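Notes for the one structure printed next.
Quick caveat: nothing in here was measured; it's all calculated off a predicted structure. Per chain, numbering begins at 1; letters A, B, ... match sequence-line order.
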Protein chains: 2
Amino acid sequence: MRIDELPSIRHLPLFCNMATENFEALMRGAYSQSFPAGMQLVEQGAPADFLFIVVEGAVEMYAGWGKRESTMGVIRPVGCFILAACIKDAPYLMSARTLQPSKIVMLPAPDLRAVFRRDTEFAVSVINELAGAFRTVIRHAKGLKLRDARQRIAAYLLEQSRYADNANSFVLQVEKRLIASYLGMTPENLSRGLRQLETEGVRVKGMEVTVTDRDRLTEFAAPNVLLDGPDPEGSDGICLPPPTAIHPV
Amino acid sequence: MRIDELPSIRHLPLFCNMATENFEALMRGAYSQSFPAGMQLVEQGAPADFLFIVVEGAVEMYAGWGKRESTMGVIRPVGCFILAACIKDAPYLMSARTLQPSKIVMLPAPDLRAVFRRDTEFAVSVINELAGAFRTVIRHAKGLKLRDARQRIAAYLLEQSRYADNANSFVLQVEKRLIASYLGMTPENLSRGLRQLETEGVRVKGMEVTVTDRDRLTEFAAPNVLLDGPDPEGSDGICLPPPTAIHPV
DNA sequence: CGAACCCTTGACAGAAATCAACTAAGGTGG
DNA sequence: CCACCTTAGTTGATTTCTGTCAAGGGTTCG
C-alpha cells in the first residue's frame, strides 16, 4: 500500500470520521494495483473477498443474465463499490470492469467487518453510505417503472445539466451505449429518443448536449427529487458520473 | 406503547442484539396504533419522522410519479420500513398504505439515530439490514432490466414456489394487480402472461398456482441466486410476501 | 339487490427490440 | 503516411412486445 493514496481515501465520507488508529489498521491489509482499460475486476457470483476503492480511472458496474447485460452504474474517484456484499459476506451481485486505466485499492472484507464493530464512527459512516446507496437504487428502480424510455432520457439529460451547474451545454462523460444500457434501453432506441427530444427542448450532437428550451424539457421530463436527485447519496455503483459544463464565451 | 408487542419487536433482527437498556429507551418514545385497511400511512416526499414497524396486518409500499403508480413491495409482520430515510433524515421515497387492518408501531427517527451511535450491536444490525435491503433492490432492478415480462412472471412464480417449500401448488398472497405492478407491467399483461405460461409448465386458476412441469418452467425462467434470492435479505419494502403451500392429500 | 372492484379477454395503437446496412472516427500495422 | 480494421453511432425496415381502451363475468360488501 503506497502512502500517497492514503489521504484521498481518508477523505472519503466512509473513512473520514473514524479513528486514525483504526484507519491505519484497515489500510495495513490493503492492496493497491493499477489496471489497464477493459480489465474485469469483479465477476458477479464470486465471493466478496474485497471492498474496492477507485483511486484513479473509472469502473463500470454491470449485471448479466444469460446473454444479456446491463450497466448498473459507473464509479469514479474517489469512490468505493460492493460494500453491501462485503458486509453480508455474500456473493457479488454485480460485475465490475475498468473503463479506463485505473488505480484500485482493495481492502480485505474480513478486516472491514472487524473494524466497524469496534469503531462506532466508522459504523455510522457505513450506515450512511448504505442508506444513501439504497435510496439511489430505489430511485433508479422507480425511474424504470414509472417513466417510459424518452422520459428517462430527458430526465437523465436534465440531471446531467444540473450536475454541471445548470449549464445549458455540457459534454457526456460516458459512451452512449453505456448510457442506453444504464437507462434500460438499446443503443438504437437511445439514438432515436435523442432525435425525438429535439422537439422537446434539447439537442445532442455527438457527445455534446445543448438545452435549447429548459422549460419545455423540464415539463416533459417532470424531474423530481424523489426520482432524480438532488444528489447521488451513495456511491455503490448505481449512477453515472456527472458531465463537464461547456461555459459560453 | 403496549407491553404485549414488545417481545415480537425485540426478536426482529434489527433489535435482537442490542442492549436491553437501549431497546427499552427506544421503545419509550414509540407509538402503537391500529389502522383500518386502505389507510395511507406515509406519503412519499414527507419528512422521515418515524420508523414504522408492522406488528399485524400488511402494508404496501408504492411510488408515484404524476398519475402513474407502482408497487415496490409489501411489508408483513414483523418487519420495518423506511429505515433508510430515517437514517438520512431525508424525505420518504415511497408511500405506504395498509392492505389489511394493521397494527403499526412508530419509532421517532431522532431516537433511532441517537441510539445506534451508542449501541454498537444495534449499529451492526442496522448495517446488516441496510446491506440486505440494498441487495434486494439491486436484484429487483436487475430483473426489470434483464428479463422481459413473461420471464419475470415465471421467475416470480418459481420463487413463490420455493418460499412454499418447493410445493407444486400454492396460493398467491396478494392481488394480481399488485403483483403486476410490482413486476412492472399492467394487470392485463400479467393476465395474458399467465395464460401464455401454461405452455411453459405452470397453470394459474384464480389465486391458485400449480407447477405442472418444474423443469420446463425452470428452464424458461432461468432463476438465479443473483436475481431471485436465495431469501429476502432485507425487509425495507422491496419484495412481496411468500405464499402458503397447498399440500397434496 | 345494486354498486364497486377485480380479473379477464379482445381489438387496437404505440413503444421498444431486432436485424441489417451504412457512416464516421480511432487505432494498428504495413 | 496510408490502407485497413474495428467499433460506436446512426438510420431504416420489420417484428414483437406492451400499454390502452372497451366490454363482460364474477365476487364482495354495504
How about B:Glu60 and B:Thr71: does a side-chain donor come under 3.5 Å of a side-chain acceptor? yes

Using whole Å, report how far NZ of B:Lys67 lies from P of D:dG19. 19 Å

Rounded to whole angstroms, how far apart are CG on B:Leu190 and P on C:dT9? 12 Å

A:Arg177 has an atom CZ; how far is it from atom P of D:dT7, in whole Å? 10 Å

Angle, rounded to 10°, between the helical axes spanning five pairs at each terminus of the helix from C:dC1-D:dG30 to C:dG30-D:dC1? 40°

Starting at CG of B:Leu99 and ending at C1' of C:dC6, how long is that distance when rounded to a whole Å? 14 Å

side-chain hydrogen bond (donor to acceptor under 3.5 Å, both in side chains) partners for B:Arg192, two or more places apart: none

For A:Lys145 and B:His140, does a side-chain donor sit closer than 3.5 Å to a side-chain acceptor? yes

B:Ser191: partners by side-chain hydrogen bond (donor to acceptor under 3.5 Å, both in side chains), with sequence neighbours left out: none

With sequence neighbours left out, write down each residue that passes salt bridge (Lys or Arg N to Asp or Glu O under 4.0 Å) with A:Arg68, or none if nothing qualifies. none

Among residues at least two apart in sequence or on other chains, which ones pass ring-ring contact (aromatic ring centres under 6.0 Å, His included) with A:Phe52? A:Phe81

Protein within reach of the bases, or only the backbone? For nucleotides 13-28 of chain C, mark each nucleotide 5' to 3' as B, S or -, using heavy atoms under 4.0 Å. --SSSBB---------

Could you encode protein contacts along nucleotides 25-30 of chain D as a string, one character per nucleotide from 5' to 3', using B for base contact, S for sugar-phosphate-only contact and - for no contact, with a heavy-atom cut-off of under 4.0 Å? ------

Pairs where residues 174-190 of chain B contributes a residue and the test salt bridge (Lys or Arg N to Asp or Glu O under 4.0 Å) is met, not counting sequence neighbours: B:Glu175-B:Arg177

Run the side-chain hydrogen bond (donor to acceptor under 3.5 Å, both in side chains) test against A:Arg76 and tell me which residues pass, sequence neighbours left out. none

For the pair made of CD1 in B:Ile179 and C1' in C:dC6, what is the distance, rounded to whole Å? 13 Å

Residues that B:Tyr92 engages under ring-ring contact (aromatic ring centres under 6.0 Å, His included), provided they are two or more places apart: none

Starting at CG of A:Leu178 and ending at P of D:dT7, how long is that distance when rounded to a whole Å? 16 Å

By side-chain contact (heavy atoms from CB on, under 4.5 Å), A:Ala155 pairs with (sequence neighbours left out) A:Arg147, A:Ala221, A:Asp228

Please list, chain by chain and in numerical order, all residues satisfying side-chain contact (heavy atoms from CB on, under 4.5 Å) with A:Ser34, sequence neighbours excluded. A:Lys103

Specify the separation, in whole Å, of atom CD of B:Gln196 and atom C1' of C:dT9. 13 Å

Between D:dC17 (C1') and B:Leu183 (CG): distance, integer Å: 16 Å

